[in-house]
Amino acid sequence: MDKKVLVVDDETSIVKLVQFNLEKEGYQVEVATDGEMALEKVKNENPDLLVLDLMLPKMDGLEVCKQVRRENRHLPILMLTAKTEEFDKVLGLELGADDYMTKPFSPRELVARVKAIFRRMEAVREGEAPREKKKLIVGDLEIDTEGYEVLRKGTQVDLTPKEFELLIYLANHRGKVLSRDQLLNAVWDYDYIGDTRIVDVHVSHLREKVEEDSRNPVYIKTVRGIGYKFEGPKDS
């Protein structure tokens with residue numbers, strides 16, 4: 001069955017361009033032109049991916065993102081923004097977007113990003129390599145790649161798709177120091193040309209959800225000047 005993508009933007013020219021290029025690649029495309037319509041279609045159409053513009057009539061993209069995340073933690077969200085300020089990008093990530101693109105962008109770039117998101121999701125579910133286990137247990141964390149589920153002390157942890165992928169990659173490379181660029185290439189499957197803040201935001205969110213005390217992490221340690229390392233309690 002073809003993947004369904006919901007494209008939300010109030011600029012007709014952009015919607016048509018994105019829709020044409022995604023359909024050419026075999027995706028089903030649904031369209032919404034304002035925030036309220038977007039929420040309705042997320043609920044009724046059950047898309048596999050949400051491409052969401054930041055500036056929308058009736059309800060802006062940030063509020064849409066926030067509300068979608070309350071109801072659907074698994075839906076990947078690719079946010080579009082015409083603004084270049086770091087604040088807008090980071091705020092979108094803080095509210096639950098998995099990825100973002102800044103306008104103007106080329107149709108080829110957007111299609112590549114959509115493919116990368118789906119590719120990473122499939123890789124996580126199926127296991128990228130034979131050495132990767134279907135279930136990882138570290139300390140009081142249990143990570144089930146087949147069930148797309150994380151438990152901490154037996155209680156389910158609600159992670160976004162990108163947070164889940166990041167946790168799995170870190171856990172599968174336990175004890176290894178990973179740079180932000182390495183994490184971008186591996187988890188986002190895309191060249192961000194040094195824009196590594198997206199990694200820091202997702203790590204911060206992940207710590208808040210899987211650590212007992214996010215300020216004193218046991219699992220995801222910062223390696224100053226380099227990146228991050230996944231460990232377990234009193235790792236040996």
Please test Asp98 against Arg69 for salt bridge (charged side-chain N to carboxylate O under 4.0 Å, His left out), starting from the C-alpha separation and ending with a verdict. CA-CA 11 Å; Asp98 298 287; Arg69 272 291 166 258; 3.0 Å; yes
With sequence neighbours excluded, residues passing side-chain contact (heavy atoms from CB on, under 4.5 Å) with [X]:
| X | answer |
| --- | --- |
| Glu71 | none |
| Arg108 | Ser106 |
| Glu23 | Gln19, Val29 |
| Glu211 | Arg207, Pro217, Val218, Tyr219, Ile220 |

Only counting residues at least two apart or in another chain, list the ones meeting salt bridge (Lys or Arg N to Asp or Glu O under 4.0 Å) with [X].
| X | value |
| --- | --- |
| Lys221 | Glu231 |
| Asp200 | Arg180 |
| Glu212 | Arg152, Lys153 |
| Asp158 | Arg73 |

Just checking Tyr27 against Phe118, ring centres under 6.0 Å apart?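 That pair passes the under 6.0 Å test.
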Determine whether [X] and [Y] make a side-chain contact, defined as any pair of heavy atoms from C-beta on separated by less than 4.5 Å.
| X | Y | result |
| --- | --- | --- |
| Leu54 | Met79 | yes |
| Tyr169 | Leu183 | yes |
| Leu49 | Leu6 | no |
| Asn21 | Leu110 | no |
| Asp53 | Lys103 | yes |
| Pro76 | Leu50 | no |

Looking at every heavy atom in both [X] and [Y], which two are closest together, and how far apart are they?
| X | Y | value |
| --- | --- | --- |
| Glu109 | Phe105 | OE1-CB, 3.5 Å |
| Val42 | Pro47 | O-CD, 3.6 Å |
| Glu142 | Lys135 | OE2-NZ, 3.4 Å |
| Val8 | Asp34 | CG1-O, 4.0 Å |
| Val157 | Leu151 | CG2-C, 4.3 Å |
| Ala97 | Cys65 | N-SG, 3.5 Å |

Rounded distance (nearest 0.5 Å) linking atom [atom1] of [X] with atom [atom2] of [Y]:
| X | Y | atom1 | atom2 | answer |
| --- | --- | --- | --- | --- |
| Lys229 | Leu170 | NZ | CG | 12.5 Å |
| Leu136 | Ile168 | CG | CD1 | 7.5 Å |
| Asp144 | Gln156 | CG | CD | 10.5 Å |
| Leu159 | His202 | CG | NE2 | 10.5 Å |
| Glu36 | Met59 | CD | CE | 5.5 Å |
| Lys66 | Ile77 | NZ | CD1 | 13.5 Å |

Using the test side-chain hydrogen bond (donor to acceptor under 3.5 Å, both in side chains), find all partners of [X] that sit at least two apart in sequence or belong to another chain.
| X | answer |
| --- | --- |
| Ser214 | none |
| Asn216 | Asp213 |
| Glu25 | Lys115 |
| His205 | Glu94, Glu163 |

Report yes or no: does [X] contribute a side-chain atom to a donor-acceptor pair with the main-chain N or O of [Y] at less than 3.5 Å?
| X | Y | value |
| --- | --- | --- |
| Asp2 | Gln28 | no |
| Asp60 | Leu56 | no |
| Arg113 | Asp99 | no |
| Asp48 | Lys4 | yes |

If we check side-chain contact (heavy atoms from CB on, under 4.5 Å) with Leu167, which of these qualifies: Asn172, Val150, Val203?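 That would be Val150; it is the only one of Asn172, Val150, Val203 passing the side-chain contact (heavy atoms from CB on, under 4.5 Å) with Leu167.
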Flag yes if [X] and [Y] sit in one hydrophobic cluster, no otherwise; membership is Ile, Leu, Val, Met, Phe, Trp, Tyr, and two members link when side-chain heavy atoms are under 4.5 Å apart.
| X | Y | result |
| --- | --- | --- |
| Leu206 | Leu184 | yes |
| Leu17 | Val114 | no |
| Met37 | Val64 | no |
| Met101 | Ile198 | yes |

Carboxylate-amine/guanidinium proximity below 4.0 Å for Glu165 and Lys162: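 Between Lys162 and Glu165 there is a salt bridge, with a charged N closer than 4.0 Å to a carboxylate O.
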Using a strict cut-off of less than 4.0 Å between a Lys/Arg side-chain nitrogen and an Asp/Glu carboxylate oxygen, indicate whether Lys16 and Asp9 qualify as a salt bridge.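 So Lys16 does not pair with Asp9 through a salt bridge.
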Counting heavy atoms not belonging to Lys209, are there more than 12 under 6.0 Å from its NZ?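 Yes, NZ of Lys209 has more than 12 neighbouring heavy atoms, counting only those of other groups under 6.0 Å.
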What verdict does the side-chain contact (heavy atoms from CB on, under 4.5 Å) test give for Leu178 and Phe230, after you've listed the backbone C-alpha separation in whole Å, the side-chain angles of each residue and the deciding distance to 0.1 Å? CA-CA 9 Å; Leu178 299 167; Phe230 187 89; over 6 Å; no
Assess the residue pair Val223 and Tyr228 against the criterion (side-chain contact (heavy atoms from CB on, under 4.5 Å)); give the C-alpha distance rounded to whole Å, side-chain angles, the decisive distance to 0.1 Å, and a yes or no. CA-CA 5 Å; Val223 181; Tyr228 300 98; 6.0 Å; no
In sequence, state the C-alpha distance, the side-chain angles, and the governing distance for Leu78 and Ile117, and then conclude on side-chain contact (heavy atoms from CB on, under 4.5 Å). CA-CA 9 Å; Leu78 171 59; Ile117 289 171; 4.2 Å; yes
